[in-house]
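Please read the structure below before turning to the comments.
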Amino acid sequence: MKKLLILAALFLTGLAVSAQSVVSGTVVDKDGNPIANARVEMVGSTESCMTGLDGTFRMETPLGAKKVKVLYVGMLSKKQRVRPDMTVTLHEENVWNRRPDKYRWFLSAQAATPSGDLASNLANPSVGLMLGRVKHVGWYVKATGSKPLSATEQFYSYYGSTHLEALWTTGKMESCYYSATGGVILRLGSPIHIYGGCGWGHREFAMEMNWHGKTEMVKIGVSDIFGTGKSIRPYNTFVAEAGVMVRLGHFTLNAGCSETIDGYNYLVGNFGIGYCF
C-alpha cells in the first residue's frame, strides 16, 4: 500500500510538471540593445516577470500559453506570439505613434468667423466651447455665440436700390452669429482626427442708417452692400460642418468649416484650442 501511494505521488508530480511550460526570451530596443526591468506578462494569465540586466526573461506558465505582452516606460507596449528563445523588439513612443489606451474627454475654446464683413466679425466675435469624448471613434458637441444686436427694427433693401441705400447708410455695419452642432469624430492616426456633423446656424446684420440727420442701427433683411454687388442675407437654418483636430499630448488644436444648407451656401470658419483629460 505504501508503494502504491509513493507511485501515485510521483505520477501526480509528473503531471504537474508536464502541465507547465517555460517561456523565455530577450527584450531589446530597435538597435538591439537589451532593455532591463521591462515587464513581461502572459496574455490571458496573471503570470508576469521582469527582464534582467541583459534583457532576458524566463518564467513557467500553464501549458498552452500563446502570447506575451511587454511593457516599458517610454516605449510602445507590444504583444508577440510565444516562440522558443524569442526576441521582442520595442520602439520608442512619441506623439506620432502613440496609441490611445482608453476613451478620453476633451474640452476646447472655439471661435467662429462667418464669411462677409471682417470688421463686424472682429467687433462682435462669436466664441464658444467644443466638448467630446474619443478613443478611435467618438462624438462631440459644439456651440458658439456672440453678443446680440442692439437694433430691433427690420429694414428691407432690395437689389437695385443701391443708390438710395448708399444715401441712407453711414457705412457702419454690425453682425452676430450663433451655432449649435454635433457629430462624429474619427481618429485617422495619432495625433490626427477628423470630425463631421450638422446642426443649426443663425446670423443677423445691422447697418447704421441716416434718417433725416439722425443715425440709428437697424436690422437688415436682404441687401446689396453699397452697390458693390456683394450681398448680405441673414439666415436661420441647418448647417453641415467638417474639420480636423490634432492632439499634442494633453492639448488639442482644431480647425474646420461649416456651410448653410439653404441653397445660399454661406461659409463659417472655426478654430479652437483645448485640453484632453
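- Take Gln80 and apply the side-chain hydrogen bond (donor to acceptor under 3.5 Å, both in side chains) test, not counting sequence neighbours, and it matches no residue.
- Side-chain polar atoms of Thr26 and Thr87 form no donor-acceptor pair below 3.5 angstrom.
- Between Tyr195 and Tyr140, the angle of the ring planes goes over 60°, which puts this pair in the perpendicular group of the 30/60° scheme.
- Listed by first and then second residue, the salt bridge (charged side-chain N to carboxylate O under 4.0 Å, His left out) pairs involving residues 84-98 are Glu93-Arg98 (not counting sequence neighbours).
- With sequence neighbours left out, the salt bridge (charged side-chain N to carboxylate O under 4.0 Å, His left out) criterion links Arg99 to no other residue.
- The salt bridge (charged side-chain N to carboxylate O under 4.0 Å, His left out) contacts involving residues 140-151 comprise Lys142-Glu241, where partners must be two or more places apart or lie in separate chains.
- Applying the 6.0 Å contact sphere to CG of Leu188 captures more than 12 heavy atoms from other residues, nucleotides or ligands.
- Annotation: side chain to side chain contact (heavy atoms under 4.5 Å, CB included) contacts of Cys49 (sequence neighbours excluded): Val40, Phe57, Met59.
- Screening residues 237-258 for ring-ring contact (aromatic ring centres under 6.0 Å, His included), with sequence neighbours left out, gives His250-Tyr275, Phe251-Tyr275.
- Remark: Arg58 engages no residue in a salt bridge (charged side-chain N to carboxylate O under 4.0 Å, His left out) (not counting sequence neighbours).
- Residue pairs meeting the side chain to side chain donor-acceptor pair (under 3.5 Å) criterion with at least one member in residues 27-38, sequence neighbours excluded, are Asp29-Asn33.
- Clustering of Ile, Leu, Val, Met, Phe, Trp and Tyr by side-chain heavy atoms under 4.5 Å joins Val239 with none of the others.
- The salt bridge (charged side-chain N to carboxylate O under 4.0 Å, His left out) analysis of residues 37-56, with sequence neighbours excluded, yields the pairs Arg39-Glu41.
- Val184 pairs by the side chain to side chain contact (heavy atoms under 4.5 Å, CB included) definition with Val137, not counting sequence neighbours.
- For Phe271, there are no ring-ring contact (aromatic ring centres under 6.0 Å, His included) partners at least two apart in sequence or on another chain.
- With contacts defined as side-chain heavy-atom distances shorter than 4.5 Å, the pair Ser146/Cys176 qualifies.
- Classified by interplanar angle (parallel below 30°, tilted 30° to 60°, perpendicular above 60°), the ring pair Tyr178/Trp200 is parallel.
- In this structure, the separation between CZ on Arg133 and CG on Leu107 is 14.5 Å, given to the nearest 0.5 Å.
- Taking 4.5 Å as the limit, every side-chain heavy atom of Val82 sits out of range of all side-chain heavy atoms of Lys66.
- The CZ atom of Arg247 lies 9.5 Å from the CZ atom of Arg187; values are rounded to the nearest 0.5 Å.
- Not one N or O on the side chain of Ser190 forms a donor-acceptor pair closer than 3.5 Å with the backbone of Pro100.
- Side chains of Leu267 and Asn265 form no contact here, defined as non-hydrogen atoms less than 4.5 Å apart.
- Rounding to the nearest 0.5 Å gives a distance of 12.0 Å between NE2 of His193 and CG of Asn254.
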